[in-house]
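Below is one structure, written out as structure tokens; comments come after it.
Please read all numbers here as calculations on a predicted model, not as lab measurements.
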Amino acid sequence: NDDLLKFINSILNYAKIESQGVQLHLQSRDVNVILKEVVRKHEFLARVKKIKVSCELEPLFPIAMDPELIRQVLSNLVENAIKYSSDETEIKISSSEKEGFIILKVKDQGPGISSDDLPNIFMKFFRSQNAKSSPIKGSGLGLYLAQYFTELHKGKIEVESTVGVGSTFTVALPLAT
């Protein structure tokens with residue numbers, strides 16, 4: 001049921017984007033609070049796979065954001081990190097402030113993404129060769145939506161990945177919008 005609900009929500013968000021319907025509902029929020037909520041929501045999935053989720057969160061000032069959209073971005077990154085990581089590995093989540101941006105990182109020990117697939121992972125409906133050949137289901141919309149929602153906040157999302165080692169997704173949100 002949970003997977004079906006996520007898929008339906010992804011399709012609905014995609015439809016809103018295509019019809020120019022996504023509006024930011026800005027509120028002053030501490031992104032660390034949202035990160036902690038996202039980690040707590042995914043604790044069970046991590047526990048099932050015996051994955052340790054460690055957080056190094058610097059104290060941050062609240063920034064103007066749409067908390068629901070940022071929650072979706074972070075939820076997608078944390079869930080992907082857990083889903084694609086092997087059992088008994090570690091996921092490191094961090095937050096910091098640097099040069100006018102809040103920097104959020106999600107680092108996993110998953111299969112990594114090939115250099116051929118990296119330029120395409122934020123494209124709608126794209127799934128890497130590793131993802132297609134795995135039993136893990138996905139719509140190919142999660143990272144597309146994560147990028148769209150991040151850029152709507154005038155931020156950016158990037159990935160560094162090494163096959164066989166893992167991936168690090170970095171979200172940079174401006175302190176002032």
Nearest heavy atoms of [X] and [Y], plus distance in Å:
X: Phe101; Y: Lys154; value: CE2-O, 4.4 Å
X: Ser161; Y: Ile113; value: OG-N, 2.7 Å
X: His25; Y: Asp66; value: N-OD2, 2.9 Å
X: Leu45; Y: Ile82; value: CG-CG2, 3.4 Å
X: Ser75; Y: Lys41; value: OG-NZ, 3.8 Å
X: Leu26; Y: Ala64; value: CD2-C, 4.1 Å

More than 12 heavy atoms from other groups under 6.0 Å of CD on Glu43: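 Enclosed: over 12 neighbouring heavy atoms sit under 6.0 Å from CD of Glu43.
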Worked verdict on Ile70 versus Phe149 for side-chain contact (heavy atoms from CB on, under 4.5 Å): CA-CA 7 Å; Ile70 295 302; Phe149 294 154; 5.9 Å; no
Could you tell me the separation between the [atom1] atom of [X] and the [atom2] atom of [Y], rounded to the nearest 0.5 Å?
X: Glu160; Y: Phe169; atom1: CD; atom2: CZ; result: 11.0 Å
X: Thr150; Y: Gln72; atom1: OG1; atom2: CD; result: 11.0 Å
X: Lys98; Y: Leu175; atom1: NZ; atom2: CG; result: 13.5 Å
X: Glu90; Y: Ser85; atom1: CD; atom2: OG; result: 10.0 Å
X: Glu158; Y: Ile103; atom1: CD; atom2: CD1; result: 8.5 Å

Contact check, side chains of [X] and [Y], non-hydrogen atoms, under 4.5 Å:
X: His42; Y: Val38; answer: yes
X: Glu56; Y: Ile93; answer: no
X: Ile91; Y: Ser54; answer: no
X: His153; Y: Met65; answer: yes
X: Leu35; Y: Leu57; answer: yes
X: Ile121; Y: Val159; answer: yes
X: Leu77; Y: Ile157; answer: yes
X: Lys49; Y: Thr89; answer: no

Main-chain N/O of Val165 paired to Thr162 side chain as donor or acceptor, under 3.5 Å: no
Residues Val39, Lys36; criterion side-chain contact (heavy atoms from CB on, under 4.5 Å); working and verdict: CA-CA 5 Å; Val39 169; Lys36 289 175 188 174; 5.7 Å; no
Ion pair check, Glu37 and Arg71, cut-off under 4.0 Å: yes
